[in-house]
Amino acid sequence: KQIFSSKTEFRISALKFHPTESNVFICGGFSPEVKAWDLRTSKVLRVYKAAVQQTLDILFLPEGREFLTSTDAVSRDSADRTIVAWDFLSAAKVSNQIFHERYTCPSLTLHPKEPVFVAQTNGNYMALFSAQRPYRINKKKRYEGHKVEGFAVGCEFSPDGTLLVTGSSDGKVFFYNYHTSRIIRTLSAHKEACADEKSSSHTQRAQAVNQFSLELSEKERHL
């Protein structure tokens, strides 16, 4: 049953539902605009404008009052727009001084229990940030060892927050200990790039990638 139909002026590449308002979602794509839509009316609620060409990912922060967008802005004079924080209700920019490395960030993910988020970067590492203003990067911790190399590689925390999982352009899946940032296991999942992975909803200790699954021991979690 179709519950929503509308047209946009651009191709959509990112869409996220509001964490507390189930009838509202935000989408972005090949456009300088990100739009909030209402499923009940099929109308645009708000428009968020940034001087970029494409939105790569969208991440709501806890309670949904603010959200982040990652963009394709990587030139020397636009690195301050790689990750932008927005006020959901006013459509105002909260901060664009978040990530200053000259890498795009194809995916963002929020920790399920702590006020932090992770950005996947095309520098072949994942960076850790505070999810509270001013969204400072943790310069002492990064998750590296996998490869991104221009692919839209996703990343995700396990439901209990102890693991950080990412795909890799070489077809592997990497499991990182969130606290130590060390690699604790890899899976050879595909011959081509592994762009995404999802947590199993049945147990907090299981991770699944298509037909591949891995049960991690408590010993491995604390490596």
Side-chain angles (χ1 to χ4, degrees), residues 14-22 24-28 33-36 45-52 55-74 78-123 125-144 148 153-166 175-182 197-199 204 221:
L15 186 152
K16 292 293 172 63
F17 277 88
H18 194 280
T20 61
E21 298 183 37
S22 60
V24 175
F25 68 87
I26 288 181
C27 67
E33 296 181 345
V34 174
K35 296 182 178 182
L45 294 175
R46 296 173 196 88
V47 177
Y48 310 83
K49 297 183 178 181
V52 299
T55 297
L56 304 178
D57 201 9
I58 299 168
L59 179 68
F60 275 103
L61 297 178
E63 300 181 359
R65 296 190 184 97
E66 298 173 357
F67 69 93
L68 307 172
T69 56
S70 62
T71 76
D72 64 346
V74 293
S78 63
D80 61 348
R81 297 194 297 271
T82 303
I83 299 177
V84 181
W86 302 86
D87 183 276
F88 175 71
L89 292 177
S90 70
K93 289 181 185 177
V94 176
S95 176
N96 60 357
Q97 303 293 321
I98 299 174
F99 185 55
H100 297 283
E101 298 291 330
R102 294 183 64 187
Y103 300 115
T104 55
C105 300
S107 63
L108 308 169
T109 188
L110 186 68
H111 193 279
K113 296 184 178 180
E114 298 182 15
V116 297
F117 71 92
V118 161
Q120 180 81 269
T121 80
N122 272 305
Y125 68 91
M126 292 179 286
L128 182 67
F129 298 82
S130 170
Q132 299 174 337
R133 300 185 191 185
Y135 318 106
R136 288 194 176 93
I137 189 171
N138 186 331
K139 297 181 179 180
K140 297 181 179 180
K141 185 182 294 186
R142 65 167 56 180
Y143 305 85
E144 52 190 346
V148 181
V153 175
C155 57
E156 186 181 52
F157 283 102
S158 61
D160 63 1
T162 61
L163 299 174
L164 178 59
V165 189
T166 178
F175 296 79
Y176 291 87
N177 182 304
Y178 161 63
H179 297 287
T180 67
S181 69
R182 292 179 60 182
E197 70 292 318
K198 292 298 177 185
S199 299
Q204 290 187 339
R221 284 176 176 272

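Heads up: numbering here begins at 1 and tracks the sequence.
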Distance (rounded to the nearest 0.5 Å) between [X] [atom1] and [Y] [atom2]:
X	Y	atom1	atom2	value
Ser181	Lys141	OG	NZ	6.5 Å
Asn122	Asp72	CG	CG	11.5 Å
Thr109	Leu164	OG1	CG	7.5 Å
Glu66	Lys93	CD	NZ	15.0 Å
Leu110	Glu156	CG	CD	11.5 Å
Leu128	Lys139	CG	NZ	13.5 Å

Does the gap between the ring centers of Phe99 and Tyr135 come in under 6.0 Å? no
Results of side-chain contact (heavy atoms from CB on, under 4.5 Å) for Lys49 - residues two or more places apart only: Glu33, Val47
Please name all residues satisfying side-chain contact (heavy atoms from CB on, under 4.5 Å) with Glu21, sequence neighbours left out, ordered by chain then number.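 With neighbours one apart ignored, the set is His18, Val24, Phe88.
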For the residue pair [X] and [Y], establish whether any side-chain heavy-atom pair is separated by less than 4.5 Å.
X	Y	result
Arg46	Leu89	yes
Thr71	Leu56	no
Val148	Gln120	yes
Val118	Cys155	yes

With sequence neighbours excluded, what pairs up with [X] under the ring-ring contact (aromatic ring centres under 6.0 Å, His included) test?
X	value
Phe117	Phe129
Tyr178	His111, Phe157
Tyr143	Tyr176

Apply side-chain contact (heavy atoms from CB on, under 4.5 Å) to the pair Ile98 and Val84, showing each step before the final yes or no. CA-CA 7 Å; Ile98 299 174; Val84 181; over 6 Å; no
Minimum-distance pair of heavy atoms, taken over all atoms of [X] and [Y]:
X	Y	answer
Pro159	Pro112	O-CG, 3.5 Å
Ile58	Gly28	CD1-N, 3.8 Å
Asp160	Ser158	OD1-OG, 2.7 Å
Pro106	Thr104	CD-O, 3.6 Å
Gly154	Ser107	CA-OG, 3.5 Å
Cys105	Ala119	SG-CB, 4.1 Å

Does this structure show an ion pair linking Lys16 with Asp57, if we count only N-O contacts that are shorter than 4.0 Å?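 Asp57 and Lys16: salt-bridged.
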Determine the interplanar angle of the Trp86 and Tyr48 rings, folded into 0 to 90°, and report it as parallel if under 30°, tilted if 30 to 60°, perpendicular if over 60°. perpendicular
Quiz question: by atom type and distance under 3.5 Å, do the side chains of Glu101 and Thr121 form a donor-acceptor pair?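 Per modelled atom types, Glu101 and Thr121 side chains form no pair under 3.5 Å.
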Among residues at least two apart in sequence or on other chains, which ones pass salt bridge (Lys or Arg N to Asp or Glu O under 4.0 Å) with Arg65? Glu63
Among Leu59, Leu108, Thr69, find the one that has a side-chain contact (heavy atoms from CB on, under 4.5 Å) with Ile83.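 With Ile83 as partner, Leu59, Leu108, Thr69 yield a single side-chain contact (heavy atoms from CB on, under 4.5 Å), made by Leu108.
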For Phe17 and Leu15, what are the C-alpha separation, side-chain angles and deciding distance, and is it a side-chain contact (heavy atoms from CB on, under 4.5 Å)? CA-CA 7 Å; Phe17 277 88; Leu15 186 152; 4.0 Å; yes
